[in-house]
Amino acid sequence: MKEIEKEREMIRAAAAKTAQKMIQPRATEIDATGEFPLDLLDALGKQGFLSLILPEEYGGSDGDITSFCFAIEEFAKVCGSSSLLILAQGMGTLPIWLGGNSSQKELYFTQIFEKNRLTAFALTEMGGGSDIVSIKTTAKKQGRDYLLNGRKCFITHGSIAQFYSVFAVTDPKREREAISAFVVEDGTSGLGFGKREKMIGMRGSVTTDVIFENCRIPQENRLGEEDEGYQIAMRTLNMSRPAVGAQAVGIAQGALDYAIHYANERIQFKKTISSFQAIQFMIADMATQVETARSLVYQTAAQMDARIGDTEKLSAIAKCYASNAAMKVTTDAVQILGGYGYMKDYPVERMMRDAKVTQIYEEANQVLRLLVAHQLLKG
Ligand SMILES: Cc1cc2nc3c(=O)[nH]c(=O)nc-3n(C[C@H](O)[C@H](O)[C@H](O)COP(=O)(O)OP(=O)(O)OC[C@H]3O[C@@H](n4cnc5c(N)ncnc54)[C@H](O)[C@@H]3O)c2cc1C
């Protein structure tokens, strides 16, 4: 086995151990109370999971997408919210990795690594969801500063992150060409937050609006050159899509494992329900979808890590397929548990609620299908 593969397997094993020992026992409670698990955040930080995507000198795996996906899949098997914590951290960090200069990387990565600083990716707005180029948050140059005004919505880690990777337009008339990326630090005057959103799934994750009211930041906080923000955002989304796929695979695997366990125990008509062919076929179909999704996700991750060709289409396909599989598999798991599946005493209904958002965020599946079709038809 090559050195890099050994390292990846070590990360997967460490994530699986943490998931089983620390996260699984807390998953039901996190979902029920909706509390953000600060103690887990601390523990995950100490184990290096908050810096997973960073360069090696900052305790990370040097942007290795396969390692990132391994950790997210393992966490998602037991708790969607906890896997989202690592995923959102990666998304907040990637724009700095992709667009930041060496002093910005030194400044932010050191704090993420040494002080468990949390990051957020702030792109979506009320009028600019799927239609990203319609974002209205402005960044007006004033001397050596920028003045940010606008409102982002649905931002994971809003109000609890220390660093926000923010996308804003310097000239509203030029739309996508004028999008620039910035880091806004918590505590900056003019940075505020909306109420915490009440969500049907991923209930331990904190999602809020992020508001900028004459929020002044120095030009040193701009990532890359002016107008490079759209590219930074697109590359971030492309690189993190396999991770959403891995999250979906993990949630689906967790539901499949539970359904198998249940089917082997539940007696009806004097037999375990797993002895009925109807249940066997459901389980076989669920496993087929999970394995297919996993193959797609890790094929995409491997291609990204090896820097082979354009991964945009494959990463969209992997995210779409895996999230649709997660929705179907978790719904079927509820079905296999019958009435018990519908009760909160069993984890599969939580998994079904958590799975739903993987079809929505990091660009909704309908929009990704447009991207795939566009790539195929343009030639
Ligand atoms: C829990 C959660 C966490 C999130 N975290 C973040 C975050 O950290 N940072 C961030 O920036 N954003 C975040 N988002 C936002 C997320 O990325 C958006 O919700 C998503 O991109 C969809 O945008 P929208 O909600 O405005 O839906 P809309 O764009 O209004 O879409 C509504 C529906 O119309 C469909 N649709 C839209 N356009 C087309 C089209 N051209 N053709 C066909 N169908 C179309 C969509 O697929 C969707 O089904 C989060 C969202 C959620 C729910």
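When a residue number appears, it is its place in the shown sequence, counting from 1. Everything numeric in this text was worked out from a predicted model, so none of it was measured. Start at 1 and go down the list; that is how both ligands and their atoms are numbered.
On a distance-only criterion, Thr124 and ligand 1 share at least one N/O pair closer than 3.5 Å. Taking distance alone, with nitrogen or oxygen atoms compared against 3.5 Å, Ser130 approaches ligand 1 more closely than that limit. The N/O atoms of Phe121, backbone and side chain alike, include one that comes under 3.5 Å of an N/O atom in ligand 1. Residue-to-ligand polar distances keep Thr207 apart from ligand 1: every N/O pair is separated by 3.5 Å or more. In terms of N/O distances under 3.5 Å, ligand 1 is approached by Gln366.
Partner of Phe121 under the ring pair (Phe, Tyr, Trp, His ring centres under 6.0 Å) criterion, out of Tyr164, Phe167, Phe154: Phe167 alone.
Here Arg174 pairs with Asp227 in a salt bridge; the nearest charged N to carboxylate O distance falls below 4.0 Å. Ion pairing between a basic and an acidic side chain is recognised when a charged N comes within 4.0 Å of a carboxylate O; Glu73 and Arg294 show such pairing. Taking the charged nitrogens against the carboxylate oxygens, Arg203 and Asp354 have no contact shorter than 4.0 Å, which rules out a salt bridge. Ion pairing between a basic and an acidic side chain is recognised when a charged N comes within 4.0 Å of a carboxylate O; Arg222 and Glu225 show such pairing. Ionic pairing of Asp64 and Arg8 is present here: one or more N-O contacts between side-chain nitrogen and carboxylate oxygen are shorter than 4.0 angstrom.
Inside a 4.0 Å radius of atom 34 (O) of ligand 1 there is not any protein heavy atom. Atom 30 (O) of ligand 1 is not flagged as protein-proximal [any protein heavy atom, distance under 4.0 Å]. For atom 50 (C) of ligand 1, the nearest protein heavy atom lies closer than 4.0 Å. Less than 4.0 angstrom separates atom 46 (C) of ligand 1 from at least one non-hydrogen atom of the protein.
Ring-plane geometry between Tyr346 and Tyr258 is classed as perpendicular, the angle between the planes exceeding 60 degrees on a 0 to 90 degree scale with a lower cut at 30. Ring geometry for Phe163 against Tyr108 counts as perpendicular: the plane angle is over 60°, on a 0 to 90° scale with 30° as the lower cut.
Atoms of ligand 1 found under 4.0 Å from any heavy atom of Leu370 (numbered from 1 in listed order, with element): 40 (C), 41 (N), 42 (N). Within ligand 1, the atoms closer than 4.0 Å to a non-hydrogen atom of Ile360 are 20 (C), numbered from 1 in the order shown. Of all the atoms in ligand 1, the ones that sit under 4.0 Å from a non-hydrogen atom of Leu123 are 11 (O). For ligand 1 and Met199, the ligand atoms under 4.0 Å from any heavy atom of the residue are 1 (C). For ligand 1, the atoms sitting less than 4.0 Å from at least one non-hydrogen atom of Ala364 are 46 (C), 47 (O), numbered in the order shown with element in parentheses.
At a threshold of 4.5 Å between non-hydrogen side-chain atoms, the residues Asn324 and Asn365 count as touching.
Ligand 1 has Glu362 within reach: a non-hydrogen atom of the residue lies less than 4.0 Å from it.
Atom CD of Gln280 is surrounded by more than 12 heavy atoms from other residues, nucleotides or ligands within 6.0 Å. For Lys105, the NZ atom counts as densely surrounded, since its 6.0 Å shell holds more than 12 non-hydrogen atoms of other residues, nucleotides or ligands.
A cation-pi geometry, defined here as NZ or CZ lying under 6.0 Å from the six-membered ring centre and within 45° of its normal, holds between Arg176 and Tyr230.
In the hydrophobic cluster analysis, where Ile, Leu, Val, Met, Phe, Trp and Tyr join through side-chain heavy atoms closer than 4.5 angstrom, Ile135 is grouped together with Val133.
The protein heavy-atom contact nearest to atom 2 (C) of ligand 1 is Tyr361 CD2, 3.7 Å. Shortest contact from atom 26 (O) of ligand 1 to any protein heavy atom: Gly129 CA, 3.2 Å. Considering only non-hydrogen protein atoms, atom 39 (C) of ligand 1 sits nearest to Val367 CG2, 3.9 Å. In this structure, the protein non-hydrogen atom closest to atom 14 (N) of ligand 1 is Phe154 O, 3.4 Å. In terms of protein heavy-atom proximity, atom 53 (C) of ligand 1 is nearest to Val357 CG2, 3.6 Å.
Which of Thr236, Leu237, Thr156 comes nearest to atom 3 (C) of ligand 1 through a heavy atom is settled by distance: it is Thr156.
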